[in-house]
S.K.: 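Once you've had a glance at the structure underneath, I'll fire off some questions.
Everything quoted here is computed from the prediction, not taken from an experiment. Below, chain A is the first sequence line, B the second, and so on; all start at residue 1.
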Amino acid sequence: MRLATWNVNSLNVRLPQVLDWLNQHQPDVLALQETKLPDERFPQAALEEAGYTCAWFGQKAYNGVALLSRTPMEDVQRGVPGLEDEQRRALAATIGGVRVVCLYVPNGQQVDSDKYRYKLDWLAATRDWLQQELSVHPRLVVMGDMNVAPEDQDVHDPRRWAGQVLVSPPERRAFAALLDVGLQDAFRLFPQPPKVFSWWNYGAVAFRRNLGLRIDHVLVSAELARRCRACVVDPGPRGHERPSDHAPVLADFDLA
DNA sequence: ATGGCTGGGTCTCCCAGA
């Protein structure tokens, strides 16, 4: 089973790239973030034509998440249960016996801002939800744009970024608290080359000089960690014309 | 080069992203 996550920064703009990428990589599941589409504009027909059934949870202009699957989805959950949140950032479904959670974690904008506090509160509520999910789904995968670079090796210039949003200690603790419920960063289950990132600022040099962060993640339960065979970032789409600022992350599993 | 880009909406300016 191949699972993937991609912050597309507007599914309206990126739909042709998503269709190309699905055709090229044939994932069983693709989690999307920042679709930026109200639900009535979700491109269901084009994605179904490509062989994917869809669940989506969108809003106008901002946020928005979706799950695409080659096989049927059950028990679709929209939003973090129990969290009052007008922003549509979470979506879950059970696919082939695997509970799949798609997250678009708030950016936080600036340390100590209202948006930063919202981010930390959101992560705390999500942690509680994932703990519940794990208690009933031993095969749990949580993937998406987590907006946290977990360690300095996930940052192109840790000294310049020290203390800033996306790397600040409270954010890293909140991310570690997600792992503490019983999840592992699939990317770090394997030897990886240095300086692998999943996001690069728009602009002339950031991608060319690999000035990025690794903030898009696939987190897996112990049972899925045992069955995980690979986890890689695909920087290809970031080099295309009119790219998203994020690259997709893929993980392969051997599910007997 | 930490955003000196991009997408969307209120639409030639502002908000938000990361």
S.K.: Can a side chain N or O of Arg160(A) be found less than 4.0 Å away from OP1 or OP2 on dA1(B)?
M.R.: yes

S.K.: Apart from Leu103(A) itself, which Ile, Leu, Val, Met, Phe, Trp or Tyr residues share its cluster (side-chain heavy atoms under 4.5 Å, direct or through members)?
M.R.: Val80(A), Leu83(A), Val101(A), Val105(A), Tyr118(A), Trp122(A), Leu123(A), Trp129(A), Leu130(A), Leu134(A), Leu140(A), Val142(A), Met146(A), Val148(A), Phe175(A), Leu178(A), Leu179(A), Val181(A), Leu183(A), Leu219(A)

S.K.: Starting at the 5' end of DNA chain B and moving along, which residue's nearest nucleotide shows up first, Ser10(A) or Asp157(A)?
M.R.: Asp157(A)

S.K.: Say you pick atom P in dT12(B) and the same atom in dG17(B); how far apart are they, in whole Å?
M.R.: 23 Å

S.K.: Could you tell me how far dA18(B) sits from dA1(B) if I compare only their P atoms? Round to whole Å.
M.R.: 22 Å

S.K.: Closer than 4.0 Å, any side-chain N/O of Arg242(A) to the OP1 or OP2 of dC5(B)?
M.R.: no

S.K.: Find the distance between CZ (Arg229(A)) and CG (Asp252(A)) and round it off to the nearest 0.5 Å.
M.R.: 10.0 Å

S.K.: Does Arg89(A) make a cation-pi contact with Tyr104(A), if we ask for NZ or CZ under 6.0 Å from the ring centre and within 45° of the axis?
M.R.: yes

S.K.: Side-chain N or O of Ser244(A) less than 4.0 angstrom from OP1 or OP2 on dT6(B)?
M.R.: no

S.K.: Given atom NE2 of His156(A) and atom C1' of dG3(B), what is their separation to the nearest angstrom?
M.R.: 10 Å

S.K.: dT10(B) and dA16(B): how far apart are their C1' atoms, nearest whole angstrom?
M.R.: 14 Å

S.K.: Could you measure between the two P atoms, the one in dG3(B) and the one in dC13(B), and give it in whole Å?
M.R.: 24 Å

S.K.: Does any non-hydrogen side-chain atom of Arg2(A) lie less than 4.5 Å from one of Leu250(A)?
M.R.: yes

S.K.: Determine the Euclidean distance between corresponding C1' atoms of dC11(B) and dT6(B); express it in Å to zero decimal places.
M.R.: 15 Å

S.K.: So, do Val232(A) and Phe187(A) sit near enough that their side-chain heavy atoms are less than 4.5 Å apart?
M.R.: no

S.K.: How many angstroms lie between atom CG of Asp216(A) and atom OG1 of Thr5(A), to the nearest 0.5 angstrom?
M.R.: 6.0 Å

S.K.: Let me have a per-nucleotide readout for nucleotides 9-18 of chain B, 5' to 3', with B, S or -, counting only protein heavy atoms under 4.0 Å.
M.R.: SS-----SBB

S.K.: Report which part of the nucleic acid Arg14(A) touches: base, sugar-phosphate, or nothing (heavy-atom distance under 4.0 Å, all strands).
M.R.: sugar-phosphate

S.K.: CD1/Ile95(A) to CZ/Arg70(A) distance, rounded to the nearest 0.5 angstrom?
M.R.: 12.5 Å

